[in-house]
Number of protein chains: 2
Amino acid sequence: MDGTTAIRDPERTREALKTAAREVFAEYGFEGAKTREIGARAELNKAMINYHFGGKQGLFTEVLLEDIREARSRLSRGVASTGSSTEKLAAFVEALGRLSEERPLFLKILSRELIDAGRHLELQVEEEFFGFFGLVQEVLDRGIESGEFRLVDPHATHISLVGGLVWFALTAPLRERLAREGRLPAPSPTWSSYVEHYRELILTGLAPSASDS
Amino acid sequence: MDGTTAIRDPERTREALKTAAREVFAEYGFEGAKTREIGARAELNKAMINYHFGGKQGLFTEVLLEDIREARSRLSRGVASTGSSTEKLAAFVEALGRLSEERPLFLKILSRELIDAGRHLELQVEEEFFGFFGLVQEVLDRGIESGEFRLVDPHATHISLVGGLVWFALTAPLRERLAREGRLPAPSPTWSSYVEHYRELILTGLAPSASDS
DNA sequence: CCGTATTAACTAACCGGTTGGATAGTATCT
DNA sequence: AGATACTATCCAACCGGTTAGTTAATACGG
């Protein structure tokens with residue numbers, strides 16, 4: 001009765017399904033993901049998806065809500081670091097880099113949803129997701145106001161800021177495959193080296209020129 | 001028999017199928033795209049896909065080969081512009097921006113393939129696609145060598161360079177939907193304003209500091 | 001404690017509907 | 001007439017979801 005030998009453990013079952021779902025949804029997308037495959041990877045009957053989550057959509061929603069909340073909490077911590085706007089932005093890039101590296105499945109799922117305009121996102125997930133947008137905006141606004149950054153469009157800058165890192169993450173699978181097959185002329189950058197490069201590129205790009213007020 | 005009134009026109013049929021395929025593949029991905037839907041949009045029997053292209057995969061490959069070749073030719077023209085490395089890079093950003101704006105379906109299809117490491121790309125398409133990578137590399141290498149750019153990792157810079165623009169394109173559908181529903185706090189940047197912003201961000205970010213050799 | 005009724009967790013089999021592709025027959029070219 | 005282009009129909013495989021039935025965990029009266 002120590003719990004580890006329990007044959008039936010609904011909590012463990014739910015976690016196993018969610019873990020399998022993250023893999024399969026990331027690999028095949030919502031429509032492409034087969035409930036049979038999720039069930040098989042979790043070593044459970046696919047009917048358990050309906051039993052515990054109300055269906056494929058329910059499982060998808062549950063997994064995304066969990067991941068979005070974790071991501072927001074991690075990124076918030078990055079932005080909330082004390083210091084100048086420059087330091088805050090650097091901390092955010094670091095946090096987003098680490099998140100992209102450690103949660104590639106989440107990033108894949110989210111990217112797929114972005115491509116098809118969030119077709120499979122329920123309202124609740126959408127609302128939760130929009131919380132991301134406010135995170136960086138304030139740092140940029142304040143940095144521009146204080147003169148630490150050039151006078152750039154904060155909205156556009158926000159897109160650029162996230163774009164490079166996400167793109168690095170999205171192309172990672174292909175680059176890894178090519179590297180494995182020896183078809184890459186030069187070695188691909190590591191995560192840490194890329195994040196470092198990106199932080200410098202962005203911060204240099206945002207720095208005011210010498211002649212600015 | 002001037003051709004425009006022809007009831008049967010295999011060339012027109014092939015084009016109609018490819019046009020419909022671009023829409024459907026971009027919207028639903030390779031697996032999600034239904035041959036019935038493609039046939040319906042082209043106002044043709046779905047058996048024509050098999051007849052003219054040998055199947056779903058054949059049509060997909062055909063469409064991608066065509067689009068990749070067009071994209072490469074357009075981007076090559078951008079890079080080949082005369083002038084300094086800075087001007088060449090600026091021209092490339094412009095060209096990529098215009099391409100992303102004018103060929104959103106192509107970009108969607110390609111992004112989906114990147115996410116799943118090119119699972120549906122036949123070898124021929126892959127080879128054709130890799131040609132992209134070399135395009136910017138040389139401009140960056142020469143710009144660094146000549147001292148126009150900082151001493152950055154060209155591979156990483158390449159990823160950053162493409163990332164922002166592609167991310168802008170990928171999030172466009174969602175941003176458009178949100179704007180339509182009035183759920184966006186601030187208006188989203190237009191294509192031209194974003195490209196302009198991005199060009200400046202990158203070129204500023206790559207510029208050597210005053211103290212550099 | 002202890003048998004037993006009740007509930008919760010789980011499985012195997014099945015369902016209507018849809019998929020990409022094949023095939024047979026028809027129309028329209030040269 | 002013979003090749004080419006096209007349609008209507010069919011098919012095996014597969015999809016997500018449901019269902020009836022089984023077993024493990026739990027509540028409870030004695």
Side-chain angles (χ1 to χ4, degrees), chain A residues 1-64 109 112 119-122, chain B residues 1-64 109 112 119-122:
Chain A
M1 301 293 133
D2 55 356
T4 66
T5 56
I7 295 174
R8 288 189 177 186
D9 186 340
E11 197 49 45
R12 178 184 295 259
T13 296
R14 293 170 60 90
E15 287 307 317
L17 284 174
K18 284 193 280 184
T19 300
R22 283 186 176 92
E23 293 176 15
V24 178
F25 281 133
E27 196 165 348
Y28 301 103
F30 181 79
E31 336 250 18
K34 303 160 193 174
T35 55
R36 280 173 172 82
E37 173 74 11
I38 296 174
R41 292 202 194 189
E43 294 182 81
L44 286 160
N45 192 284
K46 80 191 169 72
M48 285 298 96
I49 294 171
N50 266 288
Y51 183 77
H52 284 290
F53 299 97
K56 190 186 188 180
Q57 175 72 61
L59 177 56
F60 186 68
T61 299
E62 180 76 15
V63 162
L64 260 136
I109 296 175
R112 288 189 198 273
R119 188 156 16 109
H120 315 100
L121 300 183
E122 288 181 355
Chain B
M1 328 307 123
D2 55 0
T4 65
T5 56
I7 294 174
R8 289 195 171 183
D9 186 340
E11 195 49 45
R12 178 184 293 260
T13 296
R14 291 169 62 90
E15 286 307 317
L17 284 174
K18 284 193 281 185
T19 300
R22 284 186 175 91
E23 292 176 16
V24 179
F25 280 133
E27 194 164 350
Y28 300 105
F30 180 79
E31 337 251 17
K34 304 161 194 173
T35 55
R36 279 173 173 80
E37 174 74 13
I38 296 174
R41 292 202 194 191
E43 295 181 82
L44 285 159
N45 193 285
K46 80 190 170 70
M48 284 299 94
I49 294 171
N50 268 287
Y51 183 75
H52 284 290
F53 300 98
K56 190 185 187 181
Q57 175 72 59
L59 176 56
F60 186 70
T61 299
E62 181 74 15
V63 162
L64 255 113
I109 297 175
R112 288 190 198 271
R119 186 152 22 104
H120 315 99
L121 301 184
E122 289 181 355

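Chain identifiers are assigned alphabetically (A, B, ...) following the order of the sequence lines, protein sequences preceding nucleic acid strands; residue numbering begins at 1 within each chain.
Among the nucleotides C:dG20, D:dG16, D:dC6, the one closest to the side chain of B:Thr13 is D:dC6.
Listed by chain and number, the residues in a side chain to side chain donor-acceptor pair (under 3.5 Å) with A:Glu23 are A:Arg41 (sequence neighbours excluded). B:Lys18 is linked by a salt bridge (Lys or Arg N to Asp or Glu O under 4.0 Å) to B:Glu15, B:Glu66, counting only residues two or more places apart in sequence or in another chain. Residues that satisfy the side chain to side chain donor-acceptor pair (under 3.5 Å) test with A:Lys46, not counting sequence neighbours, are absent from this structure. Applying the side chain to side chain donor-acceptor pair (under 3.5 Å) test to A:Thr61 and every residue at least two apart in sequence or in another chain returns A:Gln57, A:Glu122. Residues forming a salt bridge (Lys or Arg N to Asp or Glu O under 4.0 Å) with A:Arg119 (at least two apart in sequence, or on another chain): A:Glu31, A:Asp116. Every residue two or more places apart in sequence or in another chain that forms a ring pair (Phe, Tyr, Trp, His ring centres under 6.0 Å) with A:Phe60 is listed here: A:Phe25, A:Phe30. Shown here are the side-chain contact (heavy atoms from CB on, under 4.5 Å) partners of A:Ala42, two or more places apart in sequence or in another chain: A:Ala16, A:Leu17, A:Ala20, A:Leu44. Under the side chain to side chain donor-acceptor pair (under 3.5 Å) criterion, B:His52 pairs with no residue, sequence neighbours left out.
For the pair B:Arg14 CZ and D:dA5 C1', the interatomic distance rounds to 13 Å; values are reported in whole Å. Rounded to whole Å, the distance from CD1 on A:Ile49 to C1' on C:dA9 is 15 Å. Look at CD on A:Glu37: it is 9 Å from P on D:dC15, rounded to the nearest Å. Between the P atom of C:dG21 and the CZ atom of B:Phe60 lies a distance of 13 Å, rounded to the nearest Å. Rounded to whole Å, the distance from CZ on B:Phe53 to C1' on C:dG21 is 16 Å.
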N/O contacts under 3.5 Å, protein versus nucleotides 7-11 of chain D?
residue, atom, partner, partner atom, Å
D:dT7, OP2, B:Asn45, N, 3.1
D:dA8, N7, B:Asn45, ND2, 3.0

Between protein and nucleotides 2-4 of chain D, what N or O pairs are separated by less than 3.5 Å?
none

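The two atoms that bring B:Arg22 and B:Ile109 nearest to each other are O-CD1, 4.0 Å, heavy atoms only. A pairwise comparison of heavy atoms in B:Ile49 and B:Lys56 identifies CG2-N, 4.0 Å as the closest pair.
No option in A:Ile38, A:Leu64, A:Asn50 other than A:Ile38 meets the side chain to side chain contact (heavy atoms under 4.5 Å, CB included) test with A:Leu59.
Taken residue by residue, residues 23-34 of chain A places heavy atoms nearer than 4.0 Å to DNA chain D at A:Ala33, A:Lys34.
Side-chain nitrogen and oxygen atoms of A:Asn50 include at least one within less than 4.0 Å of the OP1 or OP2 phosphate oxygen of D:dT18. Contact between the side-chain N/O atoms of A:His52 and the OP1/OP2 oxygens of C:dC10 is found at a separation under 4.0 Å.
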